[in-house]
Q: 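The structure that follows is given in the form of structure tokens.
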Amino acid sequence: RKEVEQDPGPFNVPEGATVAFNCTYSNSASQSFFWYRQDCRKEPKLLMSVYSSGNEDGRFTAQLNRASQYISLLIRDSKLSDSATYLCVWALEIHTGGFKTIFGAGTRLFVKA
Amino acid sequence: GAGVSQSPSNKVTEKGKDVELRCDPISGHTALYWYRQSLGQGLEFLIYFQGNSAPDKSGLPSDRFSAERTGGSVSTLTIQRTQQEDSAVYLCASSPTGDSPLHFGNGTRLTVT
């Protein structure tokens, strides 16, 4: 089983739609979770951290379900500028010390007018 | 302040040549990561440094790849006897600690002809 499973999409949605992405991880020892956004031919950039209590930043809501080992990202009122690849990410403590940050393969989103 | 700096931004090399890629992380960031991204693919973890030591080298694809970090700062990724399948964008990222969000450089686009 892959360390992380993420639906590659693409998701094609109209402007104003609500879209949700899920990501499952295999290691229950995972520590910290994030969603990143990557635009075409650009480096990934942090979108938001994910907390067990859930957190919201404007139109974006992130949730973590440790029992079921998945994280989710909800985008409300989609904008054309939301078109990008969304990467789920987690930092895993490793036995040799420190953390290893793993990226999912990404889910592509296309928002159309 | 300065972000993560990578050089060169583009590198074209002939098959069989050695290449050296450089990453200058954000000052004070102890964790440094190297990833590789082929066209249309996700990020492939290569190696992680905590200070000058590399607790996790598990992602290096072969013994042609090596990396070092000196002074807890600059890191170099060396690929010996390059092959065409090494062509990709090589991304470096740093963070204050291993489990905090990563800050990426713009990447080095390597093309092996």
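Below, chain A is the first sequence line, B the second, and so on; all start at residue 1.
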Q: Could you tell me which of B:Ala31, B:Ser53, B:Pro101, B:Ser58 has the largest number of non-hydrogen atom pairs under 4.5 Å with chain A?
A: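 Most heavy-atom pairs within the cutoff with chain A belong to B:Pro101.
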Q: Could you state the interatomic distance from CZ (A:Arg41) to CG (B:Asn106), rounded to the nearest 0.5 Å?
A: 14.0 Å
Q: Following the transitive rule for hydrophobic clusters with a side-chain heavy-atom cut-off under 4.5 Å over Ile, Leu, Val, Met, Phe, Trp and Tyr, establish whether B:Trp34 and A:Leu92 coincide in one cluster.
A: no
Q: Indicate, with yes or no, if B:Leu110 and B:Leu39 share a hydrophobic cluster defined by side-chain heavy-atom contacts under 4.5 Å among Ile, Leu, Val, Met, Phe, Trp and Tyr.
A: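 Unlinked, B:Leu39 and B:Leu110 end up in two clusters.
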Q: Please look at A:Gln6 and chain B and tell me whether the side chain, the backbone, both or neither of the residue comes under 4.5 angstrom of a heavy atom of that chain.
A: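 Neither; nothing under 4.5 Å.
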Q: So which atom in A:Thr101 and which in B:Tyr35 form the shortest heavy-atom distance, rounded to 0.1 Å?
A: O-OH, 2.7 Å
Q: State, yes or no, whether a side-chain contact exists between B:Val4 and A:Glu43 at a heavy-atom distance under 4.5 Å.
A: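 In short, these two side chains do not touch, never coming nearer than 4.5 Å.
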Q: Applying the 4.5 Å side-chain criterion to the ILVMFWY set and letting contacts propagate, would A:Phe60 and A:Trp35 be lumped into a single cluster?
A: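 Yes, one cluster joins them.
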Q: Please state whether the side chain, the backbone, both or neither of B:Phe45 comes within less than 4.5 Å of a heavy atom of chain A.
A: side chain
Q: Could you see if A:Met48 belongs to whatever hydrophobic cluster contains A:Trp90? Use Ile, Leu, Val, Met, Phe, Trp, Tyr and a side-chain cutoff under 4.5 Å.
A: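 Yes: a chain of side-chain contacts under 4.5 Å links A:Met48 to A:Trp90.
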Q: Return the CG to CZ distance between B:Leu102 and A:Phe103, rounded to the nearest 0.5 Å.
A: 5.0 Å
Q: Given the options B:Gln37, B:Glu44, B:Gln41, which has more heavy-atom pairs under 4.5 Å with chain A than any of the others?
A: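 Going by pairs under 4.5 Å, I would pick B:Gln37.
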Q: Transitively linked via ILVMFWY side-chain contacts under 4.5 Å: B:Tyr48 with A:Leu46?
A: yes
Q: To the nearest 0.5 Å, tell me how far B:Tyr33 OH sits from A:Ile102 CD1.
A: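 It comes to 8.5 Å.
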Q: Just wondering, more than 12 heavy atoms not from B:Glu85 lying within 6.0 Å of its CD?
A: yes
Q: Given heavy-atom pairs under 4.5 angstrom as the criterion, report whether the side chain, backbone, both or neither of B:Ser100 touches chain A.
A: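 Backbone of B:Ser100 only, per the 4.5 Å heavy-atom cut-off to chain A.
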